[in-house]
**Q** 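Sharing a structure, written as structure tokens. Questions coming.
Small disclaimer: the values here were computed from a predicted structure and weren't measured. Lettering of chains follows the sequences in order, A, B, ..., and the numbering in each one begins at 1.
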Protein chains: 2
Amino acid sequence: MSNAEALPEAAPGRAVAPCCPPLTERPFTAEEAETAAPMFKALGDPVRLRLFSAIASHEGGEACVCDISDVGVSQPTVSHHLKKLKEAGLLTSERRGTWVYYRVEPSVLAAMGQLLAVNAATA
Amino acid sequence: MSNAEALPEAAPGRAVAPCCPPLTERPFTAEEAETAAPMFKALGDPVRLRLFSAIASHEGGEACVCDISDVGVSQPTVSHHLKKLKEAGLLTSERRGTWVYYRVEPSVLAAMGQLLAVNAATA
DNA sequence: TCAAAACATCGACGAACGTCTATGTTGACG
DNA sequence: CGTCAACATAGACGTTCGTCGATGTTTTGA
């Protein structure tokens, strides 16, 4: 695309973290649905789910592509899916030397978990 | 498991409830990913997310189609999406007179919530 | 018995998706 | 320098998806 400037990363897709109430609380508005659906959609592919799980379960919540690219598809396909996950706000990436490390956005897991919360009475 | 089904009524796509460990626990296998991804995929569409939320938040966790069909798409499209949610194991349906009532499968919310569990420091 | 309401199914169409091969870009190292 | 490794991008191709209008099925009720 372009040369890397001093800009670290500025929200590639949309804001994801604090988006919506639990699904069981009240009917989602069209806006809320448009915001939350892409997160589910991003995890709705088996390969992406494996990649995400591999990163999320990796030490430190991050992994380089070479550590997780054994999912049965070609390298460009892995790259494609990681990009999708990144665009959905679920992952961030950082280059360190030759390798690129992907990291799970922690707030995302919390947000999605809250969407599906079964009201465990933690109040 | 307190539910002993006596009627051979269930004809869903696949078992959904107790499928997989948390995403952050260990890398998903191909099998686990193939099992869990359809649930996320089913919620990955804004219209389906609104329908699901409308049903889940409705009184008693169920609603007839006429109560939730105001999502901006045609009636066949609503029917199509409800079928998709049903095939994914997220909903069940029951006919009562003229109306068809859809209900959220409670174990599904628990299962998906567990997938996204953030390990609340149990060690 | 006939009509209307609620919902499902069918068939079609454009858009989006997942995958691949080929190629480009970036950094490390002789 | 040049070359290799890691990863991204581009383009293509078949498949799936979301949507619609038209039609079918089931139930209620006059």
**Q** Check whether any side-chain nitrogen or oxygen of A/Y102 sits under 4.0 Å from OP1 or OP2 of D/dA6, and answer yes or no.
**A** no
**Q** A/P76 side chain: which of D/dT9, D/dT26, D/dC20 is closest?
**A** D/dT9
**Q** Assuming nearest nucleotide by heavy-atom distance, tell me which of A/R96 and B/D67 is located more 5' along DNA chain C.
**A** B/D67
**Q** Just to verify, which of B/V104, B/L82, B/V47 counts as forming a side-chain contact (heavy atoms from CB on, under 4.5 Å) with B/F52?
**A** B/V104
**Q** Is it true that the side chains of A/K86 and A/T92 contain a donor and an acceptor less than 3.5 Å apart?
**A** no
**Q** Counting side-chain heavy atoms from CB outward, which of D/dT19, C/dC7, C/dT19 is closest to A/V73?
**A** C/dT19
**Q** Calculate the interatomic distance between A/R50 atom CZ and C/dT19 atom C1'; express it in whole Å.
**A** 16 Å
**Q** What nucleotide, of C/dT19, D/dG18, C/dT9, holds the atom closest to the side chain of B/S79?
**A** C/dT9
**Q** Thinking salt bridges, do A/E62 and A/R96 make one under a 4.0 Å N-O criterion?
**A** yes
**Q** Please check if the side chain of B/T24 supplies one atom and the backbone of A/S57 the other of a donor-acceptor pair under 3.5 Å.
**A** no
**Q** Let's see if you can work this out: which of C/dT26, D/dC17, C/dA8 has an atom nearest to the side-chain heavy atoms of B/K41?
**A** D/dC17
**Q** Calculate, to the nearest 0.5 Å, the distance between atoms CZ and CE belonging to B/F40 and A/M112 respectively.
**A** 5.5 Å
**Q** So, is A/T77 close to the C/dG18 phosphate, meaning a side-chain N or O under 4.0 Å from OP1 or OP2?
**A** no
**Q** In terms of side-chain heavy atoms of A/K84, which of C/dG18, D/dC7, D/dC20 is nearest?
**A** C/dG18
**Q** Nearest to the side chain of B/T98, heavy atoms from C-beta on, is which of C/dT19, C/dA6, D/dA8?
**A** C/dA6
**Q** Could you give the NE2-to-P distance, from A/H80 to C/dT19, as a whole number of Å?
**A** 7 Å
**Q** A/E94 has an atom CD; how far is it from atom C1' of C/dT26, in whole Å?
**A** 16 Å
**Q** For DNA chain D, whose closest nucleotide is more 5', that of B/R48 or that of A/V78?
**A** A/V78
**Q** Classify the side chain of A/Q75 and the base of D/dA8 as holding, or not holding, a donor-acceptor pair under 3.5 Å.
**A** yes
**Q** Quick one: B/R95 CZ to C/dA5 P, roughly how many Å, whole number?
**A** 16 Å
**Q** To the side chain of A/D45, which of D/dT9, C/dC7, C/dG18 is closest?
**A** C/dG18
**Q** For B/K83 and D/dG18, give me the distance from atom NZ to atom C1', rounded to whole Å.
**A** 14 Å
**Q** Whether B/H81 contacts D/dT19 is assessed here as follows: a side-chain N or O lying under 4.0 Å from the phosphate OP1 or OP2. Is that the case?
**A** yes
**Q** Calculate the interatomic distance between B/L91 atom CG and C/dA8 atom P; express it in whole Å.
**A** 11 Å
